[in-house]
Every structure is written in C-alpha cells, then in structure tokens.
Amino acid sequence: MAGVSEDPKDPTSETGQVPRGVRVVRGALAALSGLIAGLVALCVAELVSAAVRPEAGPVTAVGGAVIDRTPAAVKDFAVRNFGNDDKLVLQLGILALLALFAMAVGVASLRYRKVGPAAVLVFGAIGALAAVERPDGRVSDALPSVVGALVACAVLYLLAGRLAFRPSPDGDRGTDGAVADAAPEARPGSFDRRGFVIAATAAAAVSAGAGVLGRRLNASGAAEAAASREAVALPAPSAPARPIPAGADLGVRGLSSFTTSNKDFYRVDTALVVPRVDADSWRLRIHGKGVSRPLTVSFQDLLRRKLIERDITLTCVSNEVGGPYVGNARWIGVPLADLLAEAGVRPPSKGGPADQLVSRSVDGMTIGTPVDTVMDGRDAMLAVGMNGEPLPFDHGFPVRMVVPGLYGYVSACKWLEDLELTTFDDYDAYWVKRSWSREAPIKTQSRIDTPRPFASPKAGKVPVAGVAWAQHRGIERVEVRVDGGSWNPAKLAAEDSEDTWRQWLWEWPATSGSHTLEVRATDRDGNTQTDKRVGTVPDGATGWHSVVVAVD
C-alpha cells in the first residue's frame with residue numbers, strides 16, 4: 001500500500017501509515033549517521049597514523065593506489081588540466097566518493113542494521129590493502145584503516161539502533177498473536193530522536209578531537225624535520241657555478257626569468273603527502289651489481305664531501321609542447337659519479353655489470369637511470385641545495401638526484417634514500433611499468449612566453465620572446481614565423497651552459513588582424529624541432545609551439 005512502511009521492524013507495517021515527513025526526516029538522519037561514521041573512520045585513522053606514519057592514512061593510501069593504477073593518458077590529463085593541484089583534486093574526489101558511500105551505507109542500515117557496518121568493514125579492508133600494497137608499504141600501514149573502520153562500525157550500529165521504530169501504543173503482535181507491552185510515549189512512526197542527537201553529537205565531537213590530535217601529532221614529526229632543515233648550513237662549494245653571464249636574461253616583460261624561483265618551480269610527482277624527512281636521521285645506501293664497496297652515508301657525510309654548484313634546467317616528460325613543466329635553478333650537491341666510483345662501480349662502457357641505477361624515494365617511488373649517462377662526465381649530482389638554500393620539502397629535502405639532459409622520470413628522484421645498481425633487463429622502475437620508455441633524453445624544445453595566446457597587441461613592433469632548451473646539447477638557433485611564412489632568426493640571449501635553457505627574442509613588425517606565431521629551435525647537434533605533433537607518452541612531446549593573437 002502506498003505510504004505504508006516497508007521496514008520489517010516498523011510496527012505500523014500492518015496497522016497504519018507512517019507520516020511522509022517522518023520518513024523523510026528518518027532517511028536524512030540515516031544518511032547523516034553514515035557521514036558521521038565516515039568522519040569517525042577518517043579521524044580515528046588520522047590518530048592511529050600518527051603512531052604509524054602519515055602516509056598510512058586511508059585517503060592517502062587509497063589516493064596513492066589510484067595514482068599507481070592510473071593509465072599514463074589519464075595521468076597526463078590530470079597534470080595538464082590541474083597542474084600542481086592534481087593531487088588536491090584527487091583527494092577531494094576521494095572524499096566526495098567516500099561521503100556518497102557513507103550516506104548510502106547509513107540509509108541501508110535503516111532496513112538492514114548489520115549491512116552498514118559490514119560495508120564499512122569492507123571499505124576499511126580496501127584502505128588497508130591499498131596501504132600495504134603501495135611501493136613502500138608495510139604491514140603496519142594497515143592499522144589506521146582497520147582501526148578506523150572498526151570504530152566506525154560500532155558508531156554506525158549504535159546510530160542505526162536509535163533510528164529504529166518504536167512499538168506502537170497498541171503493541172506489536174508476535175507470530176503467536178500476543179501483544180507486546182508498548183512504551184507509553186510511543187506513537188506510530190516514532191523513533192529515539194533525542195537518543196540519536198546525543199549519540200551523533202558525541203560521536204562527531206570525539207572523532208573530531210581524535211582527528212585534531214592526530215594532525216597535531218603528525219605535525220610534530222613534520223616540525224622536527226622542518227627544524228632539521230632550518231639547522232642546515234650549506235657549505236661553500238668546492239666548484240662554484242660561474243656567474244650568470246650578462247645578457248642571459250633579456251628582461252622582456254612576460255618572459256620567464258633565467259632563474260626560476262623555488263616557489264615557482266614546477267612540481268610533478270605522485271606523493272599525496274609531501275615526505276618530511278629528518279636530515280639528522282636520513283641515510284643513503286648504495287649497493288647492487290658491481291658494487292665492490294657498499295656505502296651508507298649520512299646527510300652530514302655528504303656535506304663534508306666535495307660539492308659542486310651548477311645551473312641546470314629540469315624538464316618533466318609530462319610537459320606538452322608549450323607547457324609549464326620546465327624550470328632552471330642553481331643546484332649544489334655531491335657529484336654522483338664520484339660516489340659510485342667510491343663504491344667500486346664501473347659503467348658498462350668500461351666493463352661494469354650494471355647498466356641501470358635504480359634510485360628509491362622514501363615514499364616508494366623508483367626511478368631508473370642509465371649508469372653510463374650518470375658517469376659520462378656530465379654534472380649529475382645528489383643535490384642538497386637549490387637556489388642558495390637547502391632543498392625545499394616539495395623538491396626533495398634532504399637529498400634528490402639531478403641529471404642534466406634526462407627527463408625527470410628517469411633521473412630526478414626526490415626524497416632519495418637508496419641507490420641500487422642493476423640492469424634494465426632485470427628490473428622495470430615505476431614509470432616503465434606504466435608504458436613509459438626506459439631511457440628518455442630530453443628533446444629539443446622551444447616555447448613562446450609573450451605575447452600570450454589570444455593577446456591583442458597594438459600594430460607596430462611587438463616583442464615575441466620565449467625560452468628554448470636542449471639540455472646537455474645546447475641551443476644553436478631559434479626561429480619564428482608568422483602565418484606559415486618564412487622563418488625569421490631570433491636573437492639569442494647569452495648562454496650560461498649547455499645544460500640551461502636560453503631566452504630568445506624576435507621583434508615582430510605586426511600588422512592588424514589575426515595572426516599565428518610559431519617557433520622552432522635547433523640544438524648544437526644540428527637537430528631541428530620537428531613539426532610533427534606527438535603526445536608525451538612514451539618519451540616526451542614533439543611539435544612546434546604556436547600562439548594565435550589579434551593585432552589591433
């Protein structure tokens with residue numbers, strides 16, 4: 001019958017109708033009970049993660065698992081459209097889905113009181129499995145999800161009980177026809193509203209307190225790491241970088257500066273929680289095939305070694321034509337080839353058995369780099385400083401790898417803690433398992449910084465300027481053309497080194513109308529950018545960057 005409760009515990013199922021308003025309120029409170037249970041799960045997990053480690057939290061663990069299983073094309077889409085906010089978008093998406101799931105579970109608990117808690121346990125098991133199966137997963141990482149789910153189950157079961165219908169004043173008839181005693185205050189469609197409010201408020205308050213306490217405890221660990229960074233005094237390098245030559249920065253408005261500040265330097269990685277590593281307890285292990293003298297070094301050990309300082313431009317393989325994921329900084333660090341040689345490593349070109357150097361991050365990331373490349377005389381380093389200060393946490397403090405001429409996914413391991421010598425045949429690093437190439441030298445590229453797309457400059461002389469890069473080869477020439485016409489040579493800024501980008505400028509005698517500007521670069525090996533547009537997978541994008549403008 002329309003309007004008759006279908007709840008098997010509702011005494012009015014056969015004797016009367018429950019007012020529609022009561023049913024709506026009860027359903028809304030059931031959804032709220034699910035949300036509160038979800039909040040309890042997350043907050044309790046946050047508190048438990050303080051005793052384990054922040055990366056073991058369920059949102060971080062599930063988010064990491066999603067990233068691990070995301071196809072390369074989807075990952076590129078996220079980086080392209082959300083940039084440095086891609087991880088925030090993922091976390092918000094996970095929380096939104098969790099909220100919908102929690103509300104559905106709460107509503108389901110109205111009719112099947114044990115189903116909701118069972119679903120919460122399943123979700124907790126998913127979080128625990130995701131945490132344990134991360135590249136750096138440990139058995140203990142399952143604890144936050146498991147404990148949070150168990151407490152949430154108890155809370156949801158309690159709240160669902162407060163939403164159960166009370167017997168009607170006429171009593172319930174059992175299967176034998178007997179009438180049970182009724183509570184004197186009961187009426188058709190009644191439930192324990194007061195009890196629900198008290199229980200829900202208490203659960204929300206206690207869980208919020210647990211969450212706040214957990215965040216503070218996690219923050220205290222981060223504070224220790226921050227204090228260790230503040231205490232770092234970078235020594236003067238044994239081989240300082242030469243002064244940036246006059247004319248390396250053309251000073252054109254809208255043109256990227258020669259040196260990218262730390263706060264503006266791009267960040268592309270898979271870490272939902274930026275690792276906060278205490279430099280005092282940090283250690284690096286060097287081992288594997290061909291290592292005759294395994295090494296374990298501390299941060300202070302590195303600082304006492306010969307340090308070099310170099311200007312080096314880094315590029316992410318996810319950088320599309322004209323994209324922002326390229327930047328130039330002054331790095332200070334220990335020559336990587338020297339450390340490997342000290343460990344007894346010989347490159348394959350000199351008879352060494354290992355052709356791949358696998359670097360491991362504290363968050364489980366693995367990156368494979370050709371041994372011959374890092375030992376061929378280029379300024380590959382274990383960097384400890386960036387633009388005159390210790391590495392920012394976002395960029396790998398306390399130690400990261402920097403290898404000129406290679407895309408970051410095969411060279412630039414941040415939060416480094418382990419170096420293993422192996423072979424490409426024996427081991428596929430993180431991104432190689434996800435359809436990216438084993439080896440990835442940076443391709444010759446150029447970008448128009450000004451004018452911006454769809455700009456409306458005035459007719460007359462218009463500066464067209466940008467940057468070009470071909471790390472470890474250097475830029476020989478940059479050319480610009482308008483509307484598919486002939487190529488015009490651009491003025492090149494002074495070169496700092498072959499490992500840095502170069503600014504360029506062409507003074508365009510612009511005429512009124514809509515125009516398309518294109519740029520291409522040629523490196524010192526004689527390679528000119530191809531016009532063929534190729535996406536970033538598997539080893540970097542190609543094509544000419546173009547900008548459409550409307551000249552007044």
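FYI, side chains are in, hydrogens and waters are out, and symmetry mates aren't considered; it's all heavy atoms of this structure.
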**Student:** Does R360 make a cation-pi contact with Y427 (under 6.0 Å, within 45 degrees of the axis)?
**Tutor:**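 Yes - R360 lies over the ring of Y427, closer than 6.0 Å to its centre and within 45° of its axis.
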**Student:** So, Y430 versus D68: side-chain donor-acceptor pair below 3.5 Å or not?
**Tutor:**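 Indeed, the side chains of Y430 and D68 share at least one donor-acceptor pair under 3.5 Å.
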**Student:** Quick one: sort the W436 and Y409 rings into parallel, tilted or perpendicular, breaks at 30° and 60°.
**Tutor:**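 If you compare the ring of W436 with that of Y409, the planes turn out tilted.
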**Student:** Would you say S361 and D363 are linked by a side-chain donor-acceptor pair, where the criterion is simply a distance under 3.5 Å?
**Tutor:**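 Note: D363 and S361 side chains meet the donor-acceptor criterion.
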**Student:** Any chance you could measure F299, atom CZ, to D278, atom CG, to the nearest 0.5 Å?
**Tutor:**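 F299 CZ to D278 CG: 10.5 Å, rounded to 0.5 Å.
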**Student:** Less than 6.0 angstrom separating the ring centers of F191 and F196, yes or no?
**Tutor:**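 Aromatic pair excluded; centres sit 6.0 Å or further apart.
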**Student:** For R330 and T259, what are the C-alpha separation, side-chain angles and deciding distance, and is it a side chain to side chain contact (heavy atoms under 4.5 Å, CB included)?
**Tutor:** CA-CA 8 Å; R330 176 158 286 191; T259 299; 5.7 Å; no
**Student:** Does the N328 side chain pair with the main chain of L314, one donor and one acceptor, at a distance under 3.5 Å?
**Tutor:**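 Here the side-chain-to-backbone pair does not exist.
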**Student:** With rounding to the nearest 0.5 Å, note down the distance linking CZ in F101 to CG in L98.
**Tutor:**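 Going from CZ on F101 over to CG on L98, the span is 8.0 Å.
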**Student:** Determine whether D269 and R267 satisfy the following criterion, salt bridge (charged side-chain N to carboxylate O under 4.0 Å, His left out), listing intermediate values before the conclusion.
**Tutor:** CA-CA 7 Å; D269 53 56; R267 177 196 165 200; 2.7 Å; yes
**Student:** Would you find a donor on one side and an acceptor on the other, under 3.5 Å apart, between the side chain of N218 and the backbone of R215?
**Tutor:**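 No, because the side chain of N218 does not come within donor-acceptor range (under 3.5 Å) of the backbone of R215.
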**Student:** Which pair of non-hydrogen atoms, one from L272 and one from V59, has the smallest distance, and what is that distance?
**Tutor:**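 In terms of heavy atoms, the two residues are closest at CD1-O, 4.1 Å.
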**Student:** Could you check whether D379 pairs with R310 (Lys NZ or Arg NE/NH1/NH2 to Asp/Glu carboxylate O, under 4.0 Å)?
**Tutor:**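 Answer for the salt bridge query: yes.
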**Student:** Got a second to check how far L29's CG is from L35's CG, nearest 0.5 Å?
**Tutor:**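 Answer rounded to 0.5 Å: 11.5 Å.
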**Student:** Using the side chain to side chain contact (heavy atoms under 4.5 Å, CB included) rule, take W282 and L302 through it: C-alpha gap first, then chi angles, then the decisive distance, then the call.
**Tutor:** CA-CA 11 Å; W282 176 87; L302 291 183; 3.7 Å; yes
**Student:** Where the side chain of K289 meets the backbone of T423, is there a donor-acceptor pair that is under 3.5 Å apart?
**Tutor:**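 Here the side-chain-to-backbone pair does not exist.
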**Student:** Determine yes or no for a side-chain-to-main-chain donor-acceptor pair under 3.5 angstrom, with D141 supplying the side chain and A56 the backbone.
**Tutor:**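 Side chain of D141 to backbone of A56, a donor-acceptor pair under 3.5 Å: no, none is there.
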**Student:** Distance from K414 atom NZ to F393 atom CZ, nearest 0.5 Å?
**Tutor:**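 With rounding to 0.5 Å, NZ (K414) is 13.5 Å from CZ (F393).
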**Student:** Taking all non-hydrogen atoms of both residues, which atom of V326 and which atom of Y266 are closest, and how far apart?
**Tutor:**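 Reported closest heavy-atom pair: N-CD2, 3.5 Å.
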**Student:** Can you check side chain to side chain donor-acceptor pair (under 3.5 Å) on D280 and S228, steps first, answer last?
**Tutor:** CA-CA 7 Å; D280 296 331; S228 74; 5.3 Å; no
**Student:** Any donor and acceptor pair, going by atom type alone, linking the side chain of R447 with main-chain N or O of H545 inside 3.5 Å?
**Tutor:**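 The answer is no, because no donor-acceptor pair under 3.5 Å joins these two groups.
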**Student:** For residues R305 and L339, determine if any side-chain heavy atom of one lies less than 4.5 Å from a side-chain heavy atom of the other.
**Tutor:**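 When only atoms from C-beta onward are counted, L339 and R305 do touch, with a gap below 4.5 Å.
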**Student:** Going through the distances and angles, do V399 and L284 end up as a side chain to side chain contact (heavy atoms under 4.5 Å, CB included)?
**Tutor:** CA-CA 9 Å; V399 179; L284 172 69; 5.7 Å; no
**Student:** Would you say the side-chain atoms of R229 pair up with the backbone N or O of L391, donor to acceptor, closer than 3.5 Å?
**Tutor:**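 Between the backbone of L391 and the side chain of R229 there is a qualifying donor-acceptor contact (under 3.5 Å).
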**Student:** Start with the C-alpha distance between R533 and T542, add both sets of side-chain angles, then the distance that settles side chain to side chain contact (heavy atoms under 4.5 Å, CB included), and finish with yes or no.
**Tutor:** CA-CA 5 Å; R533 280 272 183 165; T542 64; over 6 Å; no
**Student:** Have S256 and D449 got a donor and an acceptor in their side chains that come within less than 3.5 Å?
**Tutor:**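 Checked: S256/D449 side chains pair up, N/O donor to acceptor below 3.5 Å.
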**Student:** Could you tell me whether the side chain of T369 and the main chain of V410 form a donor-acceptor pair under 3.5 Å?
**Tutor:**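 Side chain of T369 to backbone of V410: a pair is present.
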**Student:** Counting C-beta onward and ignoring hydrogens, is there a side-chain heavy-atom pair between L336 and M401 closer than 4.5 Å?
**Tutor:**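 When only atoms from C-beta onward are counted, M401 and L336 do touch, with a gap below 4.5 Å.
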**Student:** Is the shortest heavy-atom distance from the side chain of D418 to the side chain of S359 under 4.5 Å?
**Tutor:**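 They are not in side-chain contact.
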**Student:** So, are D425 and R438 salt-bridged, with charged N and O less than 4.0 Å apart?
**Tutor:**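 Salt bridge between D425 and R438, a charged N being under 4.0 Å from a carboxylate O: yes.
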**Student:** Would you name the heavy atoms of D301 and S298 that are closest together and state the gap between them?
**Tutor:**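 D301 and S298 have their closest heavy atoms at OD2-N, 2.9 Å.
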**Student:** L156 versus S33: any side-chain heavy-atom pair under 4.5 Å?
**Tutor:**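 Side chain of L156 against side chain of S33, heavy atoms only: contact under 4.5 Å found.
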**Student:** Say whether Q471 and T315, considering side chains only, have a donor N or O and an acceptor N or O under 3.5 Å apart.
**Tutor:**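 Side chains of Q471 and T315: pair found under 3.5 Å.
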**Student:** Looking only at heavy atoms, what is the nearest atom pair of A199 and L158, with distance?
**Tutor:**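 Heavy-atom minimum between the residues: CB-CD2, 4.2 Å.
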**Student:** When rounded to the nearest 0.5 angstrom, what is the spacing between CG in L421 and CG in L340?
**Tutor:**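 Nearest 0.5 Å value for the CG-CG distance: 6.0 Å.
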**Student:** Kindly give the heavy-atom pair with the smallest separation between I367 and A412, and that separation in Å.
**Tutor:**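 Taking every non-hydrogen atom into account, CD1-C, 4.1 Å.
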**Student:** Atom CG in L382, atom CG in L419: separation rounded to 0.5 Å?
**Tutor:**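 So the CG of L382 and the CG of L419 are separated by 6.0 Å.
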**Student:** Of the options V147, L217, V151, which is the one that meets L47 in a side-chain contact (heavy atoms from CB on, under 4.5 Å)?
**Tutor:**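 When side-chain contact (heavy atoms from CB on, under 4.5 Å) is applied between L47 and each of V147, L217, V151, only L217 qualifies.
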**Student:** Does the side chain of L163 reach to within under 4.5 Å of the side chain of L159, using non-hydrogen atoms?
**Tutor:**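 No; the side chains remain at least 4.5 Å from each other.
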**Student:** Are there over 12 heavy-atom neighbours, none belonging to K114, within less than 6.0 Å of that residue's NZ?
**Tutor:**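 No, because the 6.0 Å sphere around NZ of K114 holds 12 heavy atoms or fewer from other groups.
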**Student:** Does the side chain of E420 come within less than 4.5 Å of Q356's, by heavy atoms?
**Tutor:**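 Contact flag for Q356/E420 side chains = no.
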**Student:** Do D539 and K443 have side chains that approach each other closer than 4.5 Å (heavy atoms only, starting at C-beta)?
**Tutor:**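 The answer is yes, as the side chains (C-beta and beyond) meet within the 4.5 Å cut-off.
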**Student:** Please name the pair of heavy atoms, one in L42 and one in P58, separated by the smallest distance, quoted to 0.1 Å.
**Tutor:**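 Nearest pair, atom of L42 first, then P58: CD2-CG, 4.0 Å.
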**Student:** Are the side chain of S109 and the backbone of A160 linked by a donor-acceptor contact shorter than 3.5 Å?
**Tutor:**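 The answer is no, because no donor-acceptor pair under 3.5 Å joins these two groups.
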**Student:** Mark yes or no for whether R400, through its side chain, and H395, through its backbone, hold a donor-acceptor pair below 3.5 Å.
**Tutor:**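 It does hold such a pair.
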**Student:** Find out whether R283 and V297 are in side-chain contact, i.e. whether some heavy atom of one side chain is under 4.5 Å from a heavy atom of the other.
**Tutor:**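 Not in contact.
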**Student:** Is T260 reaching over with its side chain to a backbone N or O of A329, donor-acceptor style, under 3.5 angstrom?
**Tutor:**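 Between the backbone of A329 and the side chain of T260 there is no qualifying donor-acceptor contact (under 3.5 Å).
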